[in-house]
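Step one of this worksheet: look at the structure below.
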Amino acid sequence: MADLIGTDSDRSRGQLLLVTGFALAVIIVALVLLLNTAIYSQNLATRGTDVGADEALSYRNTVESNLWPAVETTAHNDVENSSRSNVEANVTERIDRLAATASRPHRSRGASADVEIVGFTDGTRLRQTDADRSLTDTSDTANWTMVSATDDVRRFELNTTGGLETTDDPRNESFRIDVTGSGGDRWSVYVYENQSASEPRIAVRNATDPDPDDVCRDATTGPPRLNLMAGTVNGVDCDALSFAENVSPPYEIDVGYGNRTEGTYDAIVQGTLVPGSNFNTSSNSPYTVPVVYDVQTRITYRSASLDYRVERGFGPGAPPGGKTLTFAKAAGAEINTSDGDVMEFRIENTRDERVTVEAFEIDATGIGGGITVDNGGSPEVDVRGSDVGTGEANRDPGIFDADGTRYDFVDDSTAGGQYAVIDAGATDVEVDVLRLSQNVGTLTITYDESEADLTITLVLSDGSEEVFYFDEQ
Amino acid sequence: MSSSGGRSRSGPTRRPDDRAVSTAAGYVLSLGITAILVTGLLTAGGGVVEERRDVTTHDSLEVVGQRLAADLMTADRLASTSDTTAVSVSVDLPERTAGSGYTVSVDSAGSRLRLESTASNTAVTVAFTTSTPVADTSVQGGDVRIVLDGGQLEVRSA
């Protein structure tokens with residue numbers, strides 16, 4: 001009879017179930033681990049993959065948009081510093097301040113952003129500011145070399161003030177500027193008084209056509225003002241006035257018959273190959289001052305997972321989209337306020353020609369909602385300066401909403417039609433916003449849109465917008 | 001009751017003693033059936049684990065590949081901006097998926113990433129699109145860096 005009761009010596013029964021139990025436990029554990037892996041994978045899939053590329057590009061864009069406007073007046077040595085090292089030091093200081101301001105929002109996110117100066121390209125600014133002086137060199141030599149060789153000319157403004165040679169053929173002893181290229185080709189512009197017509201004329205000698213032709217006669221009045229780089233005569237476009245057309249650099253620039261007219265000029269050329277004996281180094285006309293022609297920089301953005309570096313040069317031509325109107329003060333500067341409800345800041349026109357401001361927008365919604373501008377019967381918004389037209393806006397609608405609504409100066413002005421006309425190179429153009437309905441505290445200039453609590457947009461006649469950002473402290 | 005009729009007196013016939021046989025047979029039968037069931041259960045369980053591991057490995061590699069492809073395209077976006085001299089993107093990826101390692105291979109001609117598990121035959125292909133050339137490289141799974149070197153992007157082990 002089978003032993004159904006068992007004995008103390010038979011304790012090995014049930015091993016099959018035991019082993020099975022263990023095996024099933026292992027299987028279950030394996031399944032759980034796989035489930036865990038699957039959950040982790042799903043978790044990984046839902047995580048963002050952003051490594052900060054947008055922030056890096058944003059920083060780069062901020063620097064590119066604002067670097068040259070921030071340093072241009074310093075680089076072009078408007079204060080006429082005689083030392084090149086001082087000019088470079090001033091440019092460096094401005095770039096450092098811009099870099100610090102632009103990097104602030106990124107530092108708060110744990111990223112490091114910086115702009116490092118790699119080098120400068122030397123340039124020279126040639127000036128004559130005495131309008132009663134003939135356009136000769138320091139020794140009163142009539143035919144003289146202005147620039148021995150330059151690869152690029154950035155600015156060449158010539159304002160003749162009188163004493164033009166009277167002739168029917170400009171090739172006679174009329175005043176001229178000759179630009180001779182590397183192959184010996186020559187482009188010339190003549191300014192003279194036409195004897196037959198008794199009126200001033202401008203003639204251009206093309207590199208491929210040695211006979212000078214009168215150009216842009218409609219715009220040529222009085223002793224004319226020429227902008228050779230912008231191609232304008234008395235501020236009016238003159239397509240035929242195309243600097244060094246068909247002439248290849250390097251250029252030699254000579255003045256011919258400088259004794260046949262008087263006037264002023266302001267030129268900025270790349271390089272330093274300017275005959276020193278033809279110019280003074282002080283402010284006695286004609287004179288030269290050192291300028292920084294352009295700046296080579298290294299833009300760096302570093303975060304925990306990203307390292308991004310760019311090396312590029314900055315000048316007025318690069319990048320496109322550089323601003324026309326810029327702050328007269330650097331980023332971080334406090335703007336004037338009175339009781340926190342009046343704004344006053346200054347702007348400059350960095351373009352070659354005058355611009356017209358037709359409309360404005362004020363957006364203070366970053367500070368508080370429902371802010372308005374109202375100065376009673378007086379203008380609420382002024383764009384004014386010593387040598388510029390005045391743009392004012394008031395009366396209708398009487399109260400301006402500071403929420404980004406666009407208002408035209410012409411429609412709202414007391415005079416029934418005022419634009420703000422700002423000449424090239426004009427400084428100290430003042431923009432006033434009077435009587436904000438809410439105290440906006442202390443405001444500082446910033447170039448970073450993300451920092452902006454208040455923005456003011458000036459709309460130019462060509463449709464472009466110049467936006468100015470302010471950070472509430 | 002007595003037997004007084006035609007029954008032989010040579011002695012009683014011994015009948016086989018099959019008492020308690022059904023119990024033993026039942027025991028053997030139940031043991032056998034249990035063994036069969038257990039074997040089936042373990043076999044099926046092992047198959048499930050194997051299948052789940054393959055599926056999980058595939059899904060994990062796909063996620064990893066898509067993350068790497070996204071970061072590769074981010075690096076390309078930065079590298080394709082003008083005047084860029086250096087780009088380095090760190091990508092945190094798991095060293096193992098479903099308990100086994102894997103390799104990442106860049107197929108620049110096909111603009112694809114191929115992720116292959118070292119333990120199973122599971123492999124995943126993920127496509128990417130870049131304007132910057134990408135070097136053909138192969139790295140072990142784990143943290144990697146995407147760097148711009150000599151005008152082309154390269155996936156390297158971190």
Side-chain angles (χ1 to χ4, degrees), chain A residues 1-4 13-14 16-17 19-54 56-57 60-61 64 118 296-313 318-319, chain B residues 17 19-21 23-25 27 31 34-35 37-39 41-42 44-46 48-64 66-71 73-75 77-79 81-94 96-99 145-148:
Chain A
M1 181 175 168
D3 185 359
L4 298 178
R13 291 186 308 149
L16 185 63
L17 290 176
V19 170
T20 303
F22 273 122
L24 284 175
V26 169
I27 289 172
I28 291 170
V29 168
L31 285 172
V32 168
L33 289 174
L34 289 173
L35 180 64
N36 187 51
T37 301
I39 292 171
Y40 174 73
S41 297
Q42 295 304 315
N43 177 279
L44 200 63
T46 57
R47 290 184 198 171
T49 56
D50 182 25
V51 295
D54 288 343
L57 293 175
R60 172 185 174 154
N61 184 51
E64 287 184 340
V118 177
Q296 289 80 48
T297 63
R298 182 182 297 122
I299 303 170
T300 307
Y301 185 93
R302 286 196 181 94
S303 67
S305 53
L306 176 64
D307 187 354
Y308 176 57
R309 287 198 298 276
V310 175
E311 287 190 17
R312 62 160 305 158
Chain B
D17 185 2
R19 289 178 302 161
V21 168
T23 304
Y27 180 77
L31 199 64
T34 303
L37 288 176
V38 164
T39 305
L41 184 63
L42 292 180
V48 168
V49 169
E50 192 64 28
E51 185 227 340
R52 282 292 94 197
R53 196 174 78 145
D54 287 347
V55 170
T56 305
T57 302
H58 183 276
D59 290 350
S60 299
L61 289 180
E62 193 164 1
V63 169
V64 168
Q66 285 168 350
R67 289 186 67 85
L68 184 57
D71 286 333
M73 289 189 279
T74 298
R77 192 154 63 95
L78 292 170
T81 54
S82 59
D83 305 310
T84 299
T85 56
V87 173
S88 175
V89 176
S90 300
V91 190
D92 295 335
L93 298 178
R96 307 170 75 82
T97 58
R145 275 191 312 133
I146 303 165
V147 297
L148 179 66

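So you know, we letter chains A, B, ... as the sequences are listed, proteins then strands, and number each from 1. Below, all heavy atoms of this structure are taken into account, side chains as well, without hydrogens, waters or symmetry copies.
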Heavy-atom closest pair (A/Ala304 atom, B/Ser90 atom, distance to 0.1 Å) is O-OG, 4.4 Å

Going from CG on B/Leu42 to CZ on A/Phe22, what distance comes out if it is rounded to the nearest 0.5 angstrom? 13.0 Å

Trace of the side chain to side chain contact (heavy atoms under 4.5 Å, CB included) decision for A/Glu311 with B/Thr84: CA-CA 6 Å; A/Glu311 287 190 17; B/Thr84 299; over 6 Å; no

Tell me, please, which residues at least two apart from B/Arg145 pass salt bridge (Lys or Arg N to Asp or Glu O under 4.0 Å). none

Check B/Arg67 against A/Arg47 and note the closest heavy-atom contact, atom names and distance. NH1-O, 3.3 Å

Sequence neighbours left out, cut at 3.5 Å: what donor-acceptor pairs do the side chains of residues 23-42 of chain A make with other protein atoms?
residue, atom, partner, partner atom, Å
A/Thr37, OG1, A/Leu33, O, 3.0
A/Ser41, OG, A/Thr37, O, 3.0
A/Ser41, OG, B/Ser60, OG, 2.4

Any donor-acceptor pair under 3.5 Å linking the side chain of B/Thr85 with the backbone of A/Arg309? yes

Report which part of B/Ala98 has an atom under 4.5 Å of a heavy atom belonging to chain A: side chain, backbone, both, or neither. both

Determine the sole option in B/Ile146, B/Thr74, B/Asp92 for which the side chain to side chain contact (heavy atoms under 4.5 Å, CB included) test with A/Val51 is passed. B/Thr74

Grab the two heavy atoms, one from A/Leu57 and one from B/Thr81, that are nearest each other, plus how far apart they are. CD2-CG2, 3.8 Å

Heavy-atom contact with chain B under 4.5 Å, split by part of A/Arg302: neither

Report the C-alpha separation of A/Asp307 and B/Val89 in whole Å, then their side-chain angles, then the decisive distance to 0.1 Å, and conclude whether the side chain to side chain contact (heavy atoms under 4.5 Å, CB included) test is met. CA-CA 7 Å; A/Asp307 187 354; B/Val89 176; over 6 Å; no

Please tell me if the side chains of A/Asp54 and B/Arg77 come closer than 4.5 Å, counting only heavy atoms from C-beta onward. yes

Checking B/Ser82 against A/Arg312: is there a side-chain donor and acceptor pair closer than 3.5 Å? no

With a 4.5 angstrom heavy-atom cut-off, could you sort out which part of B/Ala79 is near chain A: side chain, backbone, both or neither? neither

Please report the shortest heavy-atom distance between B/Val87 and A/Tyr308, naming the atom on each side. CG2-CD1, 3.9 Å

